[in-house]
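On a predicted model such as this, the values are computed, not experimentally measured, just so you know. Side chains are part of it too, since the values below use all heavy atoms of this structure and drop only hydrogens, waters and symmetry mates. Reminder, nothing fancy here: chain letters follow the sequence lines and each chain counts from 1.
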Number of protein chains: 2
Amino acid sequence: MARKSGSHSEITGPRIRSVAQSLIARHGFAAVSMRQIAAEVGVRAGTIYLYVADKQALLYELMETHLDTLLAAWEAVPVPEDPTEALHAFTSFHLRFHFERPEEVFIAYMELRNLTPENFAKIEARRRAYEAALEAILARGAASSAFDLPDPRVTTMAIIAMLTGVGTWYRDGGRLSRGEVEAIYWRLVRRMVQGA
Amino acid sequence: MARKSGSHSEITGPRIRSVAQSLIARHGFAAVSMRQIAAEVGVRAGTIYLYVADKQALLYELMETHLDTLLAAWEAVPVPEDPTEALHAFTSFHLRFHFERPEEVFIAYMELRNLTPENFAKIEARRRAYEAALEAILARGAASSAFDLPDPRVTTMAIIAMLTGVGTWYRDGGRLSRGEVEAIYWRLVRRMVQGA
DNA sequence: GTCTATAAGGTGATAGAC
DNA sequence: GTCTATCACCTTATAGAC
């Protein structure tokens with residue numbers, strides 16, 4: 001917060017991204033100025049341009065980092081062979097990841113229209129890859145009759161929208177714990193796909 | 001589109017709101033200027049202030065109109081006594097309303113943080129009233145054992161998030177018709193709450 | 001590594017002419 | 001009913017001093 005003159009190259013870059021993430025999540029990308037970010041970091045506006053090409057690159061890098069972290073974290077999850085257990089693994093993973101990173105998630109959903117077409121395409125490709133992970137689990141369960149689905153694609157979008165929606169109402173310290181919310185959502189998801 | 005000098009008081013006001021709605025839905029409230037709106041309406045920027053107090057009022061009025069229209073439309077739906085039929089009525093209503101008004105829905109979800117605290121409170125009250133309509137149906141079904149719910153409040157939020165999510169992927173002329181999507185979502189919702 | 005200073009232009013909003 | 005002109009300020013981004 002305090003402004004100091006001197007050498008901080010190793011911490012100023014990360015701090016710019018961290019501060020930008022908080023401000024953008026709170027006020028929106030278009031409503032946050034480079035000066036505001038600089039002020040909160042404790043440098044002058046021009047200094048930001050030593051670490052970021054321009055404002056668009058700043059937004060893109062935040063979203064790219066978020067989605068790459070999400071995909072890498074899912075890759076690291078051991079997916080059970082049983083479709084029901086695999087779906088349980090995905091549900092828990094998705095909720096826990098989203099509980100932990102409300103700012104990143106919010107930005108990734110709200111600021112898509114502020115990306116250039118080129119950057120938008122790259123982010124969308126990563127999002128589709130993540131959706132494909134869930135769709136593959138559902139398709140496998142449908143093929144083995146573990147699941148009874150009206151439509152794998154729509155069910156994928158329905159489950160992801162439902163789970164990601166926790167961000168709009170869940171707050172730590174509220175009526176339910178994260179674990180309780182997780183149990184409730186898992187029960188809802190399991191019923192949605194349950195075979196006859 | 002074409003600029004004309006003369007009297008247009010009855011159409012300029014509505015046109016400002018209509019143009020603002022399209023531009024804000026596409027680019028976001030903070031990214032759209034009064035000058036842009038004026039240019040698309042075909043007047044000068046100052047003219048907007050004859051019809052709208054300021055930029056904040058313009059946003060608030062769009063969201064207020066949307067939510068009041070939503071609540072009034074739901075009030076007009078005859079709700080069956082049977083909880084399953086009532087839930088079906090809500091599901092169909094919600095999807096159809098959201099299919100018809102993608103711009104309003106998008107703004108109502110994305111621009112909440114650009115409202116002043118006072119205006120935010122008023123919009124939130126309306127949103128909660130709408131959620132309460134679904135929660136009442138779920139609670140009634142749970143009481144009569146027609147539904148078996150893990151938690152009425154979380155189930156309410158889950159269903160609304162899932163249904164509203166159609167806006168992120170559904171496009172007219174795609175693989176599925178509105179009616180097909182409606183049937184798929186109804187099957188998913190019904191299973192989520194189904195009694196044992 | 002960060003600063004100051006600045007370019008070039010956009011912003012919301014208002015006063016007064018017509 | 002709308003325009004022109006304007007105020008006071010904010011914007012992104014860069015050049016060159018230290």
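- Mapping A:Gln36 and A:Gly46 onto DNA chain D by nearest heavy atom places A:Gln36 at the nucleotide closer to the 5' end.
- For the pair B:Lys55 and B:Tyr60, the cation does not sit on the ring face, since its NZ or CZ is not both under 6.0 Å from the ring centre and inside 45° of the axis.
- The side chain of B:Tyr49 lies closest to C:dG12, out of D:dC3, C:dG12, D:dA13.
- Within the nucleic acid shown, B:Val52 has no heavy atom closer than 4.0 Å to any nucleic acid atom.
- The side chain of B:Lys55 has C:dA13 as its nearest neighbour among D:dC3, C:dA13, C:dT11.
- Residues satisfying the ring pair (Phe, Tyr, Trp, His ring centres under 6.0 Å) criterion with A:Phe93, sequence neighbours excluded, are A:Trp74, A:Phe97.
- A salt bridge is defined here as a Lys NZ or Arg NE, NH1 or NH2 lying under 4.0 Å from an Asp or Glu carboxylate O, and A:Arg153 with A:Glu131 meets this definition.
- With hydrogens and angles disregarded, a donor-acceptor distance shorter than 3.5 Å links the side chain of B:Thr65 to the backbone of B:Glu61.
- In this structure, A:Ile11 shares a hydrophobic cluster with no other residue, the cluster being traced through Ile, Leu, Val, Met, Phe, Trp and Tyr side chains under 4.5 angstrom apart.
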Identify all side-chain donor-acceptor contacts of residues 179-186 of chain B below 3.5 Å with residues at least two apart in sequence or on another chain.
{"residue": "B:Glu180", "atom": "OE1", "partner": "B:Ser177", "partner atom": "N", "Å": "2.8"}
{"residue": "B:Glu180", "atom": "OE1", "partner": "B:Ser177", "partner atom": "OG", "Å": "3.4"}
{"residue": "B:Glu182", "atom": "OE1", "partner": "B:Arg96", "partner atom": "NE", "Å": "3.1"}
{"residue": "B:Glu182", "atom": "OE2", "partner": "B:Ser92", "partner atom": "OG", "Å": "3.3"}
{"residue": "B:Glu182", "atom": "OE2", "partner": "B:Arg96", "partner atom": "NE", "Å": "3.2"}
{"residue": "B:Glu182", "atom": "OE2", "partner": "B:Arg96", "partner atom": "NH2", "Å": "2.8"}
{"residue": "B:Tyr185", "atom": "OH", "partner": "B:Trp169", "partner atom": "NE1", "Å": "3.3"}

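- Of the listed nucleotides (C:dA13, D:dA13, C:dT2), C:dT2 has the atom at the smallest distance from the side chain of A:Leu50.
- Nearest to the side-chain atoms of B:Asp54 among the listed nucleotides D:dC3, C:dC3, C:dA13 stands C:dA13.
- In terms of polar N and O atoms assigned as donor or acceptor, the side chain of B:Arg35 never comes within less than 3.5 Å of the base of C:dG10 in a complementary pairing.
- Within residues 113-121 of chain B, no residue has a heavy atom under 4.0 Å from DNA chain D.
- Listed candidates were D:dT2, C:dT2, D:dA13. Nearest to the side chain of A:Tyr51 is C:dT2.
- Grouped by direct or indirect side-chain proximity (heavy atoms under 4.5 Å, Ile/Leu/Val/Met/Phe/Trp/Tyr only), B:Phe106 sits with A:Phe106, A:Met110, B:Met110.
- A sub-4.0 Å separation between OP1 or OP2 of D:dT11 and a side-chain N or O of A:Ser33 is present.
- Picking from D:dT2, C:dC3, D:dA13 the nucleotide with the shortest atom distance to the side chain of B:Thr12 gives D:dT2.
- Using a 4.0 Å cut-off between charged nitrogen and carboxylate oxygen, B:Glu100 and B:Arg178 count as a salt-bridge pair.
- When the nucleotides D:dC3, C:dC3, C:dG12 are ranked by their closest atom to the side chain of A:Thr47, C:dC3 comes out on top.
- For residues 56-63 of chain A, proximity to DNA chain C is found at no residue, defined as any non-hydrogen atom under 4.0 angstrom from a strand atom.
- Residues A:Asp151 and B:Arg175 are paired through a salt bridge, judged by an N-O separation under 4.0 Å between the basic side chain and the carboxylate.
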